Amino acid sequence: MNLHMDVWPVAVATIALESEIEECHHRLMNREMHFGAASAAGNCSRRQGATKMAVSPFLEAFDSEIKRVSNALYNLLQSAESVAAALLKDANGLMTKFSRKSMDPSALAKELSRIKREGLSLQDRVLRLKQITRQNADELTRIALEADAKLGTAVLNETERYFQKEPWADDVSSGNIVIFLSDIFSILRDIEDSRKEQDGKGWVAPSSFERVTTKYWVQEQSLPEVLLKCVSELPLLVYGRAGLLQENPNKPSKEDLWESLASPISSVYFDSPNLDLYKERIKRSEGAKLFRVRWYGNKPKDNESIFLELKTHHECWVDDKSVKERVAIKERNMPKLIDTSDGMWSPEYALELVKEASPNDKEESIKESAALLLEIRSLFCELKLRPCVRTKYTRCAFQSSKNNNLRLTIDRDITVIDEACIVQNKGSWCLEDFSVVPMDAIVKVPYGVFEVKVAAGEDPIFIEELQQSGAIVKAPKFSKFLTGCALHNTSIVSMLPWWAEEPLFSPLFKKQRRISVVYRAEFTNLFRELDDEVQDESSCTGILSITKNKSEECADDNCLKAAEEGSSKLELRERLLSPKTKDKNQPTKQVIAPRTPARVEPKSFFANERTLIQWLSAALLLMTAAELLLVASSTSAILTWNFLMSSAVFVALYGIGTYHRRLHLMINSKPYGYADVVGPTLFAIFVVVGFILTMWWTNKGMESSNPPLTHKDGVCVQRYLGGDISMVTFQPSDIIGEWR
């Protein structure tokens, strides 16, 4: 059964609507009205009625046009969904025939090819339909803006309300088509894999594998394209469900992809008061750690389990690979982990907590989990970790149940929440699902995140196609933790992630926010000591609503100093909340982390040290040459000596400065700034000038070694004439004779 669905172009009657706008504008300018619309202003004032009657023809035409386009697009979408359901029935029937071995292999191969071809064709048509929908939405928005500007109407607001419904904002139908296609391609892959196994070419699981993760940004309007491309490669992975997503493929049901099948994920990231984990993570230092608590769905309570995850970054020159380790504990034990007053735990106590949450695990696995829990506890005791930021998003995953070669995930509606608002949430280690927080404590990330995890080889071809179409944008080393931590602590972090300069992220990082989280806890403790009347006026809500403006931030150093000097708490509170105070702790200039951090290995530090030694060796060489000249010529070469010694001192100091500059660049993983053009050039100049001065001094010495002879009574001058003739040969014999 061949299925076809042609996507006829659906276009807005642009010229007709623009003509109506011009007609209505002309009537408004000339105080005219449409006779047929006169009755529409019966209950309006005279002026309002005249305006309404003048623009009513356009309003009616626009409303009629948007309904016409909506119906046309909706019908096409429903047609696509119907085609997908029919293809699913065909694929399921083919699987039944294959299982019964009632079909000729050549006929089976032909049907497989046909269904796959029509599935890909349906995918392309749905993408074309989405493109047409966006084009019509843009055109209607443009016309609405033009009408509002010329006619004074509010058509844009009404248009935006239309766009909140199908087919404009379509999650249900498109998601349902994605589910159908996932099952269709999954059935086809199962048949092909079964045929390969019969031919002795089945897949064998590797004993070990390594996956490389690449992250991409994807905007909301590009999600359907990414989803449709993914399901043609891998089936949808739904936790807790195996096999096909449609329970009865012959009677497919309509199911919302994002509401029913995607997984809501929440993660609470921890950090020290000084944000030590953030600082190491953004520099991607060797051994940098990241700790978070994760759960799926609603926040667990009491005896429900939560997952503690510790991620450790390792550089390529280290034998170990970057790892993510996980251990489960009961939610009611989380406050015990945060409270470090009793110090390190014993191995027995850690084993008890792990067994309580995972009683069915193997003994070896429990011991490994207990060791990880002790490592996490050590991190808490060392850095005094506390909740820093929470991320919430909905994840749609794609992965085959038969191998680990490829895994795709799409995170949508990513929100980062400031967990420091916990001061309002007494009795809980983190914010509850329905906690009331300040508006600026919640920030939505402007992109979704598309992750591609490949076990071996290069990325699939469709990834490159998505990049070329602009559906996804590569985002190397993008981190939800770094994003949330930087957004909610902009006044104390010295380095922002590289995406802080991206057009859609930049306004978020520049937005004025509340007082720094590090100081907020200190202020809260002070306010709790105030009397009831002051406490009511300066509650945590008041603190949290302080605007973090450069001209309105708190002078924390002065405030704390005033407290030490015995200032009253009420005076301290007023100074904290004063709009005229200023935060001296805010960095004057924040550094942006490099997009691609430099990979710095130990040999790079050794090379930097060797370069310093070479600079010092060059300085010693200049100094030695200066001393030899001075010894050989006494004081006649003092000018050359001064120059060479000054050059030696400069070279030594320059080498030390270059060493520390490069050391700073390597510690901060800067990919640029290592080239040195000035130093070698100056050293070459010093050497050339030194040669010139030495030649000048040598020539000057040779000219003065044989001065002109002058007659002086009683003086005998010895003069060297050069060659191998002895000086004694030319001594006056009569003088020698007289002395005898």
Side-chain angles (χ1 to χ4, degrees), residues 8-77 128-174 219-224 413 439-440 443-444 446-447 470 503-508 510-512:
W8 292 95
V10 180
V12 177
T14 303
I15 298 177
L17 292 177
E18 289 178 342
S19 176
E20 285 290 350
I21 293 175
E22 294 298 330
E23 287 291 331
C24 292
H25 184 259
H26 176 76
R27 285 194 291 270
L28 281 176
M29 295 296 99
N30 292 278
R31 293 179 170 274
E32 299 174 354
M33 67 178 63
H34 195 276
F35 179 76
S39 60
N43 296 327
C44 301
S45 65
R46 182 177 179 181
R47 185 179 186 85
Q48 291 175 338
T51 302
K52 186 174 181 180
M53 285 186 287
V55 301
S56 61
F58 166 75
L59 296 177
E60 293 174 359
F62 187 84
D63 184 66
S64 175
E65 184 63 16
I66 197 171
K67 287 180 179 178
R68 181 190 68 81
V69 175
S70 298
N71 291 334
L73 293 174
Y74 183 78
N75 290 335
L76 288 173
L77 193 58
R128 173 61 179 157
L129 178 58
K130 288 295 177 184
Q131 183 181 3
I132 292 173
T133 302
R134 283 198 299 269
Q135 291 173 352
N136 281 280
D138 292 342
E139 187 63 18
L140 288 170
T141 300
R142 185 191 66 80
I143 292 174
L145 285 170
E146 182 180 350
D148 289 351
K150 291 185 176 181
L151 307 181
T153 57
V155 178
L156 182 61
N157 295 334
E158 186 66 26
T159 305
E160 290 176 346
R161 281 193 289 271
Y162 260 104
F163 291 164
Q164 300 301 317
K165 302 177 293 185
E166 285 191 335
W168 308 100
D170 171 46
D171 280 342
V172 179
S173 294
S174 292
Q219 290 190 325
E220 186 72 18
Q221 62 268 24
S222 300
L223 276 177
D413 295 332
M439 292 182 63
D440 60 350
V443 180
K444 185 174 180 180
Y447 291 104
L504 292 183
F505 277 101
S506 181
L508 299 179
K510 292 179 180 179
K511 185 177 179 181
Q512 299 169 353

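Since the structure is predicted, the reported quantities are computational estimates derived from the model, not experimental observations.
Across all non-hydrogen atoms, the minimal contact from A11 to E65 is O-OE2, 3.9 Å. Scanning both residues, P57 and R27, for their nearest heavy atoms gives CG-NH2, 3.3 Å. Between K165 and R161, the shortest heavy-atom contact is CE-O, 4.0 Å. The minimum heavy-atom distance linking A61 with E20 is given by the pair CB-CG, 4.2 Å.
Judged as a ring-ring contact (aromatic ring centres under 6.0 Å, His included), the pairs with a partner in residues 53-73 (not counting sequence neighbours) are, in order, F58-F62.
Of the possible donor and acceptor atoms, none in the side chain of E146 sits under 3.5 Å from a partner among the backbone N and O of E18. S19 contributes no side-chain N or O that, together with a main-chain N or O of I15, makes up a donor-acceptor pair within less than 3.5 Å.
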Yes or no on side-chain contact (heavy atoms from CB on, under 4.5 Å) for K150 and E22, after CA distance, side-chain angles and deciding distance? CA-CA 9 Å; K150 291 185 176 181; E22 294 298 330; 2.7 Å; yes
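From T153, atom OG1 reaches atom CD1 of I21 across 8.0 Å, with rounding to the nearest 0.5 Å. Here the CG-CD distance, from L151 to E23, works out to 11.5 Å after rounding to the nearest 0.5 Å. With rounding to the nearest 0.5 angstrom, the OG1 atom of T141 is 13.5 Å from the CZ atom of R134.
Side-chain contact between L77 and L73 is absent, with no heavy-atom pair separated by less than 4.5 Å.
Contacts of S70 classified as side-chain contact (heavy atoms from CB on, under 4.5 Å), with partners at least two apart in sequence or in another chain: I66, Y162, P167, W168. Residues passing the salt bridge (charged side-chain N to carboxylate O under 4.0 Å, His left out) test with D148, sequence neighbours excluded: none. Legend: residues meeting salt bridge (charged side-chain N to carboxylate O under 4.0 Å, His left out) with K444, ordered by chain and number and at least two apart, are D413. Residues meeting the side-chain contact (heavy atoms from CB on, under 4.5 Å) test with E139, sequence neighbours left out: V12, T14, R142, I143. With sequence neighbours left out, the salt bridge (charged side-chain N to carboxylate O under 4.0 Å, His left out) criterion links D63 to K67.
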